[in-house]
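Written below as structure tokens is the structure these notes are about.
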Amino acid sequence: MTPITEVEGRRIALSNLEKVLYPATGTTKGELLHYCASVSGPLLAQLDNRPVSFLRFPDGPGGQRFFTKNPPPGTPSWVKTAAVPRSEDKAARQVVVADLATLMWAANLVVEFHTPQWRADAPAEADRLVLDLDPGEPASVVECCAVAVWLRDRLAADGLHTYAKTSGAKGLHLLTPLEPTPSDQVSAYAKTLAREAEAALPELVTHKMAKALRPGKVFIDFSQNAAAKTTATPYTVRAKERPTVSAPVSWPEVESCGSPDGLTFLIGDIVPRLERDGDLLAPLSDPDRAGRIP
């Protein structure tokens with residue numbers, strides 16, 4: 001029998017809690033749900049009022065994966081949704097994870113959370129800029145860190161604050177809080193930054209996606225600032241071999257990174273980090289930190 005749990009007055013069926021999702025670590029679905037509940041405060045802050053896309057992997061990272069923007073079949077009536085019109089569906093809506101009950105319902109589906117750089121009440125008006133630093137082998141997150149420091153300082157020259165998180169895969173994501181700005185303007189500015197980084201660090205950076213250009217370099221993916229694009233939400237667990245987390249990191253950690261293992265975090269690492277450092281990405285929600293692009 002599937003256990004029923006009451007969360008904030010909502011009854012939620014939690015299924016297959018003993019199922020091993022990550023054979024490499026023996027991590028079960030129940031442990032994944034426990035992680036989501038344990039970090040619900042900062043995770044909900046990052047999901048707040050943003051339409052969510054789900055990368056679902058119900059049988060673990062080695063099984064079937066599928067990406068969905070539409071509310072999944074069987075979505076409870078109490079789950080909040082927002083209108084996100086698309087060219088192929090003008091009436092499209094997406095889930096908004098507005099509370100702990102919705103978070104646990106979604107986590108039970110076994111998902112990565114992906115969100116845009118804008119909020120549901122202001123579509124295509126970005127309140128943050130994202131730069132996805134993706135290393136091409138043999139480069140690693142170590143090279144990403146060197147590029148991240150350059151970009152942080154470049155953004156600071158324009159009066160902008162920048163915060164870092166691991167992608168939960170191989171690279172880093174840089175996030176900069178903005179006053180609401182049309183997504184196309186943010187995309188153009190991000191592309192300019194990527195080009196400048198390539199000019200300043202030609203042996204280390206490429207701003208072009210072509211795979212032939214990427215070995216040994218860090219690809220700065222600026223395209224995720226487009227209104228239709230999404231990025232892995234901070235604190236989400238990734239569908240990788242191990243239950244890695246897209247985890248906030250401090251600038252001292254970025255500056256001192258000497259090996260990929262130094263910036264790899266699993267679900268068991270995050271609560272102790274929160275207890276020690278607090279939410280390193282909390283300033284993203286501080287209006288006093290929001291800047292204006294030139």
Side-chain angles (χ1 to χ4, degrees), residues 5-14 29-56 68-69 71-72 75-84 93-123 126-128 130 163-168 173 175 177-178 180 230-239 243-249 265-287 289-290:
T5 298
E6 185 169 303
V7 180
E8 296 181 335
R10 306 293 189 185
R11 289 170 59 81
I12 304 170
L14 302 180
K29 184 178 177 183
E31 290 171 319
L32 179 64
L33 295 182
H34 177 74
Y35 163 79
C36 290
S38 298
V39 303
S40 60
L43 177 52
L44 284 169
Q46 295 300 324
L47 293 165
D48 181 48
N49 199 25
R50 296 183 193 275
V52 175
S53 300
F54 296 129
L55 175 63
R56 296 185 61 181
T68 178
K69 294 188 176 219
T75 297
S77 60
W78 46 264
V79 168
K80 181 179 178 181
T81 63
V84 186
R93 300 186 70 85
Q94 289 180 222
V95 168
V96 175
V97 181
D99 49 40
L100 180 59
T102 305
L103 175 63
M104 298 313 296
W105 162 78
N108 184 64
L109 299 174
V110 187
V111 301
E112 289 182 3
F113 296 103
H114 291 251
T115 37
Q117 313 318 316
W118 45 266
R119 301 170 72 83
D121 54 359
D127 66 348
R128 59 181 59 168
V130 62
Y163 304 89
K165 69 181 180 77
T166 66
S167 66
H173 294 161
L175 298 166
L178 299 176
T230 61
T231 306
T233 306
Y235 296 103
T236 194
V237 184
R238 304 303 303 268
T244 52
V245 175
S246 185
V249 291
F265 303 103
L266 306 184
I267 56 175
D269 298 320
I270 304 305
V271 169
R273 288 177 61 81
L274 285 167
E275 291 173 345
R276 185 190 71 197
D277 302 326
D279 180 8
L280 293 170
L281 296 184
L284 289 173
S285 302
D286 181 352
R289 288 277 170 168

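Reckoned from all heavy atoms, side chains included, excluding hydrogens, waters and symmetry mates. In this text, all values refer to a predicted model and were calculated from it rather than measured experimentally.
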Please round to the nearest 0.5 Å and tell me the distance separating atom [atom1] of [X] and atom [atom2] of [Y].
X    : Y    : atom1 : atom2 : value
L281 : Q46  : CG    : CD    : 5.0 Å
L103 : L43  : CG    : CG    : 5.0 Å
L32  : Y35  : CG    : OH    : 9.0 Å
Q117 : D127 : CD    : CG    : 8.0 Å
H114 : F54  : NE2   : CZ    : 10.5 Å
T233 : L47  : OG1   : CG    : 5.0 Å

Open item on the list: Is it the case that over 12 heavy atoms from other parts of the model lie below 6.0 angstrom from the CZ atom of R11?
Closed with: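 No, because the 6.0 Å sphere around CZ of R11 holds 12 heavy atoms or fewer from other groups.
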- [ ] Under the side-chain contact (heavy atoms from CB on, under 4.5 Å) rule, what do V245 and T166 come out as? Steps first, then yes or no, please.
- [x] CA-CA 8 Å; V245 175; T166 66; 6.0 Å; no
Open item on the list: Is the shortest side-chain heavy-atom distance between L175 and V130 below 4.5 Å?
Closed with: yes
- [ ] Taking the side chain as every heavy atom from C-beta outward, state whether E31 and P243 have any atom pair closer than 4.5 Å.
- [x] no
Using modelled atom types and a 3.5 Å cut-off, is there a donor and acceptor pairing between side-chain atoms of [X] and backbone atoms of [Y]?
X    : Y    : answer
D269 : L266 : yes
N108 : A13  : yes
R10  : V79  : no
Q94  : V52  : yes
R50  : A120 : no
T244 : G168 : yes

TODO: Could you walk me through whether H173 and T231 pass side-chain contact (heavy atoms from CB on, under 4.5 Å), step by step?
DONE: CA-CA 9 Å; H173 294 161; T231 306; 3.6 Å; yes
TODO: Give the intermediate values and the outcome of side-chain contact (heavy atoms from CB on, under 4.5 Å) for residues W105 and V7.
DONE: CA-CA 9 Å; W105 162 78; V7 180; over 6 Å; no
Please report the shortest heavy-atom distance between [X] and [Y], naming the atom on each side.
X    : Y    : result
P283 : R289 : O-CB, 3.6 Å
A126 : L178 : O-CB, 4.3 Å
V271 : S38  : CG2-CB, 3.7 Å
A101 : E8   : N-OE1, 3.5 Å

- [ ] Only counting residues at least two apart or in another chain, list the ones meeting salt bridge (Lys or Arg N to Asp or Glu O under 4.0 Å) with D277.
- [x]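 Partners of D277 under the salt bridge (Lys or Arg N to Asp or Glu O under 4.0 Å) test: none.
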TODO: Carefully, step by step, assess L55 and R238 under the rule side-chain contact (heavy atoms from CB on, under 4.5 Å).
DONE: CA-CA 9 Å; L55 175 63; R238 304 303 303 268; 5.7 Å; no
